[in-house]
Amino acid sequence: MIDWKTIKDLHANKKLEEVIGKWFGVDIFYTDKHGNIHSDILDKEYEFRSHFFKVQSHLPYGKEFLTQDIEKGLELLNGQDGSSFYFESFFPNVRMISAKIESEGEFLGAVFCYPYVSDQITSAELDEIKSKLIECGSSEEDATASCDNLKKLKTHEYDYLKELIGLVAHEVSTVYEEVNKREARIMDLNAELGNKYRYHNIIGKSKKMQEIYHLLTKVSNSEATIMIQGENGTGKEMVAKAIHFNSPRKDAVFMAVNCSAFNDNLLDSELFGHVKGAFTGAVKDKKGFFEVANGGTLFLDEIGDMSLSMQVKLLRVLQENTFLPVGATQPKKVNVRVLAATNKDLKGMIAKGEFREDLYYRINVINVHIPALRERTEDIPLLMDTFLEKKCAEMGHPLKQWGKKTLEAFLDHKWPGNVRELQNEVERLVVLAGDEKTITPDLLSSRITEANESTTAPTGNLKGINTRGTLRAALEELEAYMIKEGLKRCNYNKSRLSKELGVSRASLIMKVDKYGLDKRKKAANE
Ligand SMILES: Nc1ncnc2c1ncn2[C@@H]1O[C@H](COP(=O)(O)OP(=O)(O)OP(=O)(O)O)[C@@H](O)[C@H]1O
Ligand SMILES: [Mg+2]
């Protein structure tokens with residue numbers, strides 16, 4: 001099944017739709033192979049690029065005419081050789097284009113583009129379209145305006161448009177295949193979950209970590225490029241190493257490059273090397289990381305910090321296995337497995353044009369998302385014990401033990417710095433405890449005791465509200481909480497609640513909107 005929402009949100013397609021819409025005055029939509037529409041054109045607020053299409057969709061039987069046309073387009077795609085066609089719609093001389101979405105020979109759906117006319121159209125023919133519109137219920141004014149508005153395309157123009165629509169369909173097919181591959185892998189891995197406590201040097205026994213281990217077992221052996229995502233200190237680099245040391249490349253080099261540590265020019269020369277004389281200071285040839293890591297694994301850390309021009313070069317190595325050292329004329333060939341990591345929101349960056357979507361899909365063949373420590377608190381005691389043992393051994397102390405209150409404080413803390421922060425705290429405590437056998441809570445660092453104090457302060461029924469982070473965030477959270485509870489109490493009577501809270505009704509409504517609390521009302525009523 002195609003995930004149509006992903007398809008609709010595909011940045012490349014959206015951009016293309018926008019450009020095509022602007023140039024050709026047409027709208028683009030998707031249907032599955034049964035002809036069901038999976039685009040916003042059915043939404044009431046949808047803004048049509050074509051006036052004609054808009055007028056048609058408001059006709060009493062506008063939707064039926066469209067359905068009929070879709071069927072016609074699907075039949076063409078199904079029955080004949082070729083993957084895109086233009087054909088006449090329900091309205092004489094008004095044309096539509098359809099292009100096939102398919103994967104491995106399976107017909108999945110179609111991309112449609114509508115409407116345009118040939119530039120050979122005569123004014124008599126245009127009048128015919130107009131009368132047909134009026135006959136179907138349009139006002140004369142709308143019919144005239146929409147016919148005037150129809151784009152008249154020359155042959156080479158609509159041929160080109162057909163090609164573009166074919167491209168959109170192709171992009172949809174590719175993404176469908178990528179998503180499918182990923183899902184098959186995930187299903188595979190959910191099939192059998194074990195109870196491992198560690199994988200390579202990674203420690204954790206929570207269900208979420210078990211899932212990661214299984215994924216890692218599956219992917220280590222493959223040659224796939226892998227994207228590792230997670231907050232600071234969640235173990236992204238550890239995961240990259242675990243993949244390498246469990247792969248057939250384990251005896252070759254593992255190299256980690258922090259992309260954010262270099263400026264563009266330096267990164268270029270660091271990754272791809274340079275030849276003597278390429279720039280001032282290049283006194284001899286220098287091998288880049290790609291060449292040094294040949295046969296092994298290259299870990300590109302903080303890939304979200306890579307500039308767009310470097311992204312292009314990276315894409316080329318990934319696709320063709322060749323690269324050009326700075327100043328060189330001959331490309332070099334390499335065989336490197338690339339792993340990448342980031343804690344940035346790459347999808348958001350794509351939307352802003354800061355990260356290339358093609359590179360994203362190329363790297364993101366498999367995505368390993370490491371959960372933050374607060375999402376797997378059951379791992380905390382295990383991590384504490386492991387780091388405790390390690391540090392005691394390192395310092396030559398007999399094994400110490402945790403005081404009950406210390407353990408509680410660890411469990412209550414939200415660990416913004418994740419495992420790294422937890423490890424630092426354990427090591428610090430071992431040092432501070434000196435010869436004491438038990439680690440008592442008075443030794444805890446203030447950031448842990450203070451944060452815990454504020455969350456355990458007498459907040460009554462506000463338990464569970466996050467009082468850390470920015471003030472604004474905390475205030476908003478509190479406000480949302482008060483409104484949510486108030487709504488329940490007042491049985492969703494906003495006038496009453498606004499009086500209770502001492503705010504105007506309008507401002508309350510705005511806030512309810514802002515925090516999405518109306519939805520809860522709906523859910524509660526259902
Ligand atoms: N699951 C884990 N088990 C054991 N140690 C861990 C784990 N996760 C993190 N650590 C410890 O925390 C440190 C940080 O891990 P790592 O450098 O892999 O995180 P990262 O996600 O790359 O962090 P950053 O975003 O800061 O680059 C590691 O050196 C390791 O000591
Ligand atoms: Mg890191």
Side-chain angles (χ1 to χ4, degrees), residues 193-217 219-220 226-247 254-262 267 270-271 289 293 297-306 338-346 349 363-364 366-395 402 410-411 413-431 445 447-448:
L193 285 183
N195 53 351
K196 281 178 84 147
Y197 279 50
R198 64 187 302 152
Y199 183 90
H200 196 68
N201 294 327
I202 310 166
I203 289 160
K205 59 170 183 163
S206 55
K207 182 153 185 297
K208 290 193 160 143
M209 290 311 284
Q210 301 284 335
E211 287 173 8
I212 302 263
Y213 302 159
H214 271 267
L215 182 58
L216 295 184
T217 315
V219 302
S220 295
I226 293 174
M227 175 66 97
I228 305 162
Q229 284 180 292
E231 291 177 13
N232 288 337
T234 44
K236 294 186 289 296
E237 185 152 353
M238 294 190 88
V239 163
K241 284 191 182 140
I243 293 173
H244 170 77
F245 288 107
N246 282 292
S247 80
F254 172 87
M255 287 215 72
V257 194
N258 186 338
C259 301
S260 66
F262 302 99
L267 184 62
E270 290 292 336
L271 284 181
F289 288 131
T297 307
L298 184 61
F299 173 51
L300 299 174
D301 204 359
E302 315 285 358
I303 194 157
D305 290 335
M306 195 179 252
V338 172
L339 308 176
T342 183
N343 53 13
K344 291 199 168 166
D345 165 27
L346 291 184
M349 291 179 68
I363 297 180
N364 205 22
I366 293 164
N367 187 297
V368 180
H369 178 84
I370 315 177
L373 198 49
R374 64 177 173 280
E375 298 168 54
R376 47 179 170 107
T377 39
E378 63 270 43
D379 285 340
I380 291 178
L382 178 64
L383 286 162
M384 286 170 74
D385 286 345
T386 314
F387 296 139
L388 180 71
E389 255 172 60
K390 214 166 120 191
K391 189 68 186 175
C392 288
E394 190 186 303
M395 296 194 53
W402 296 109
F410 263 74
L411 285 169
H413 188 54
K414 293 291 181 262
W415 302 106
N418 286 300
V419 185
R420 179 188 289 116
E421 186 188 351
L422 183 144
Q423 181 173 5
N424 289 343
E425 182 68 18
V426 171
E427 291 179 352
R428 186 181 155 277
L429 288 173
V430 173
V431 175
S445 63
R447 75 175 183 279
I448 290 173

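What's counted below: heavy atoms across the whole structure, side chains too, no hydrogens, waters or symmetry copies. Every number for a ligand or one of its atoms is a count from 1 in the order of the listing.
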Handout entry: Residue shell around ligand 1, heavy atom under 4.0 angstrom
Key = Asn201, Ile202, Ile203, Glu231, Asn232, Gly233, Thr234, Gly235, Lys236, Glu237, Met238, Leu383, Phe387, Val419, Arg420, Gln423
Problem - Asp385: partners by side chain to side chain donor-acceptor pair (under 3.5 Å), with sequence neighbours left out - result: Trp402
Problem - Pairing residues for Asn201 by the side chain to side chain donor-acceptor pair (under 3.5 Å) criterion, not counting sequence neighbours - result: none
Practice task
Give, for atom CD1 of Ile448 and atom CZ of Arg428, the distance between the pair rounded to the nearest 0.5 Å.
Solution key: 8.0 Å
Practice task
Hey, could you give me the CG/CD distance between Leu388 and Gln423, rounded to the nearest 0.5 Å?
Solution key: 12.0 Å
Problem - Any Lys236 side-chain heavy atom under 4.5 Å of Asn343 side chain - result: yes
May I have the list of side-chain donor-acceptor pairs in residues 239-246 shorter than 3.5 Å, sequence neighbours left out?
residue : atom : partner : partner atom : Å
His244  : ND1  : Thr297  : OG1          : 2.6
His244  : NE2  : Ala252  : O            : 3.2
Asn246  : ND2  : Ala242  : O            : 2.8

